[in-house]
Structure formats: C-alpha cells, structure tokens
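So the structure is just underneath, and the comments pick up after that.
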Amino acid sequence: MRNLLLLLAKYSSTILFIVLEVICFYIIISFNQSQSEIWAHSANLFTGSIDERVENTTNFFNLEAVNDSLLTENARLLETIINYRVFSKENEFQEYEAIDSSLLEYKFIPARITGKTVNKRNNHITVNKGSVDSIKVGMGVISKDGLLGIVKSVSKNYSLVMTILHSQSRISASIKNSDFHGTLIWDEMDPTTMNLTSIPKHAEMSVGDTIITSGYSTVFPYGIEVGTIYDYKVNRNDDSYSVIVKLFNDLPSETHAYLVSSKDQKEKITLEEDIEDEL
Amino acid sequence: MNYNWVSILFRFVVLLVLQVTVFERVRFDLGILSYTHILVYPLWIMLLPFKMPKPVILIAAFMMGMMVDMFYDSPGVHAAALVFSAYMRDFILRIIEPDIGYEPEQPFNIRRLGIIWYISYAALFLLLHLFVYFSVEVFSFVYFYEIMVSTITSLIFSLFIVVFLVLIFNPKS
C-alpha cells in the first residue's frame, strides 16, 4: 500500500496531465457533437458583451466603409422592389397591392456581426440578435453579397451562426437558369471558395456561370446568388461533377447580416418528419 | 514557497486581455498567411518560476487555456495544447539548460540567462504549443501540410511578439 502511494506521488504530475488532457478532449468532442455548446460560446452573454464592446470601438474607425456598403445594399433593395413591381404588373394573377407584409413568405431581420472567426476549419460568427428578436435555431443568415451560414444556437441577445466555412456545412444550390442542383460544401480550407458536389455529369455548365440557392431546403429562399463557377471537373469515382465556386462575398470583411425567417419553415419540417415517420 | 503571486496574476490578466482583444483580431489576407494565429498567452506559462510544482503549472495552464477558449469559441482546444506544452516545459528547460544553470526559486532572469537562451526557449515552447494546437483544432492528420504551414507562419509571428514583449517589459520579478 505504501509503495502504491509512493508511486502515485512520484507520477502525480503525469497522472494530472493525463486527467486534464482527457477533460480537454472530452470537451472538444462533446462540443463537436452536441448543440449544448452555448456554455462557452461567445453567444454566452459575458464574452458576447465584451466582444461587442471591442467591435464597437473598431466599428467607429470603419464608419466610412460601412456607410458605403450600406448605400450599395440599399440601392440593391430598391432595385429588387422595382423589379418586383414590374413583375407583378406583368403577372395578372399576383396583385402587388394585395400582399401585406405579414403574408410575405420570407422576412429579413438585420443584425450586426459582433464576433467571428474565418481562419479555422470550423468557423462561427456571432450576431447581436437573439431570442428576444425571435431568432430561432436553423434560420438562414445572408449578407448583402451572399450566404453567411445557419443559426446554430441562440441566447437572449446573441446568436451563434455556423458559417458556410464549416466542415459540417451543407447547402442546397443550383446553377442559374438550369434545374440541376447539388450540395455546397467547404473542404478547400480557402475562405473564398466552396465546392458544389453531386451535379450530374450530363448537366451543362461553363466557367463563370452563377450559382444560386435552390430553395429546396427551408433555410434559404430560392435565388440568392452565391458565387460563380471557377473551375469544374468530373469525379473519377462517381458520375458527377465537382465544381469549385468562387464566392461573391468575402466573409472576413462582412460586418452586417440578415437573418432569414421563413413563414413556412415549421410546416415544411413537420411535413417532412411526418413522411419520414411513415417510411 | 514564496512566489510573487501579484505579478503572476497581473501577467495572467494582461496576456489574456492582449490575446483576446488584440491578437485574436489580427488577420492576414494573404494566401498561406491567412491561417496564421498569433498566440502570446503561452508566455505566461513560460515565465512561471522554475521550481514551481508541476501540478500547479498544469492546472494554471488548464485555466489559462479554458479562458482563451471562451473567447475563441473553441472549448478545450487551447486548453489541451497549453496543458501539453506545460507538461513538456521541464523537458524543454532541461534540453537548453545553460552552463550557469537556473535559479530554482526565482523567476527567469532574462538578463542573466541571455537573450539567445530566451529566444530558443520561446521558440521551442511555441513550436510545440502551436503544433499541438493546430493538430487538435483540425482533429485529423489528413491536413498535415496545412498544420505544418500554419504552425511555421504562426511561430514566426508569435515568437516575434513574445520576444518583443519581454524585451520591452523585461520582467525581473
């Protein structure tokens, strides 16, 4: 017994080292798998508010650039409204006047980015809207130039967004003016490009074509422009293309985001779950 | 044992604040450099007195790592790396032990041990720390090339800052 105690005393630091490493890896693994990661996240109110304060200071120095980008954003919104008016004029079945804002399929909640990472394998951003602004897990997040990600967890005033630059990110996308669609994934470790997989081999495409969201998932509405085709090749092991997509937006420089709330999201999900249950 | 707890605590706060408010936000938008992380908090573990009991150093490393993790949105990753490099600290110190030896009860006196000794100590410590950090973060060796590139670019920048910090403030106690 005495020898055992002596042995323990001799190797106490090694034992402590192993215990601490096991704790660390347990935390890392449970963080990767579960949704209960909010505890240590910047969505956590404490670090979130510190992040926001630092961001406030840096924002002050960027005011001019931010104003410029808001201006372009407003210009594009105006453009969309005008396009929509023209469209509804031509389509006699859709009365523009009849649509009041509560009936709109998608609503956009503007938010400010208060913290982000762009240089890791799994990147997250934090935005300053939370459950009090009716943000829910699973909402899509876009910026003025393209996609940002999907809300992963929500606290009272902040939400944590899994960006498209994340190893688990899967986004349904298609080639503009074509019915073929595939899945956007990020495995290049390059924040300016993503890969579009599962496009069948007989699809026609050329470098420079625009990639848009397909609208098949409930997260993003149809037709958000994501990027352009930079390069493509046929996969050896299956009959599909692997397409490299150059993103329109530059995640490191994004400062504002829009959270997309879909009126029908809940209904669609319930319907799909019902079908899965029956199968 | 009589350590200067005030200055140890002071260094903890200063390095943590520097790390999460300044260096977390430094980004390079230049090819391979875009994965560079400047990590200065390992300096805290590096400067702990030589004879401090190893379990204390390990727990200190765990605490510092978890605090940094809270701000980096990566629970456990920094802690795992820092606990590892803290465990290897004795080993590194033994490799580069100078002829004049260490003063066991004292904090490291950079003037006495020489700047060359300090740079090689910091380089070895940071190399180990950064390598483990990037390996744990990616969690697979598929990205070995990326891990090596990130480790080396991060090492160059972090080492520069860490040496710079000590030359400016030259902690004697």
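In what follows, chains carry the letters A, B, and so on, assigned in the order in which the sequence lines appear, proteins first and then strands, with residues in each chain numbered from 1.
Residue B:F23 qualifies as enclosed at atom CZ: its count of foreign heavy atoms under 6.0 Å is above 12.
Looking at B:H78, neither its backbone nor its side chain comes within 4.5 Å of chain A, counting heavy atoms on both sides. Interface remark: A:I15 contributes no atoms to any contact with chain B (heavy atom separation under 4.5 Å).
Remark: A:R121 CZ to B:F134 CZ distance equals 14.5 Å, nearest 0.5 Å. The distance from atom CD of A:E21 to atom CG of B:L58, rounded to the nearest 0.5 Å, is 9.0 Å. Distance CD1/B:I57 to CG/A:L16: 11.5 Å, rounded to 0.5 Å. Rounding to the nearest 0.5 Å gives a distance of 16.0 Å between NE2 of A:H124 and OH of B:Y72.
For A:K116 against B:E24, the heavy-atom pair with the smallest separation is O-OE2, 4.2 Å. The nearest pair of heavy atoms linking B:I59 to A:L20 is N-CD1, 4.1 Å. The heavy-atom pair separating B:A80 from A:C24 by the smallest distance is N-SG, 3.3 Å.
Counting only heavy atoms from C-beta outward, the side chains of B:K54 and A:T14 never approach each other to under 4.5 Å.
Ranked by heavy-atom pairs under 4.5 Å with chain A, the first of B:F84, B:Y87, B:F62 is B:Y87.
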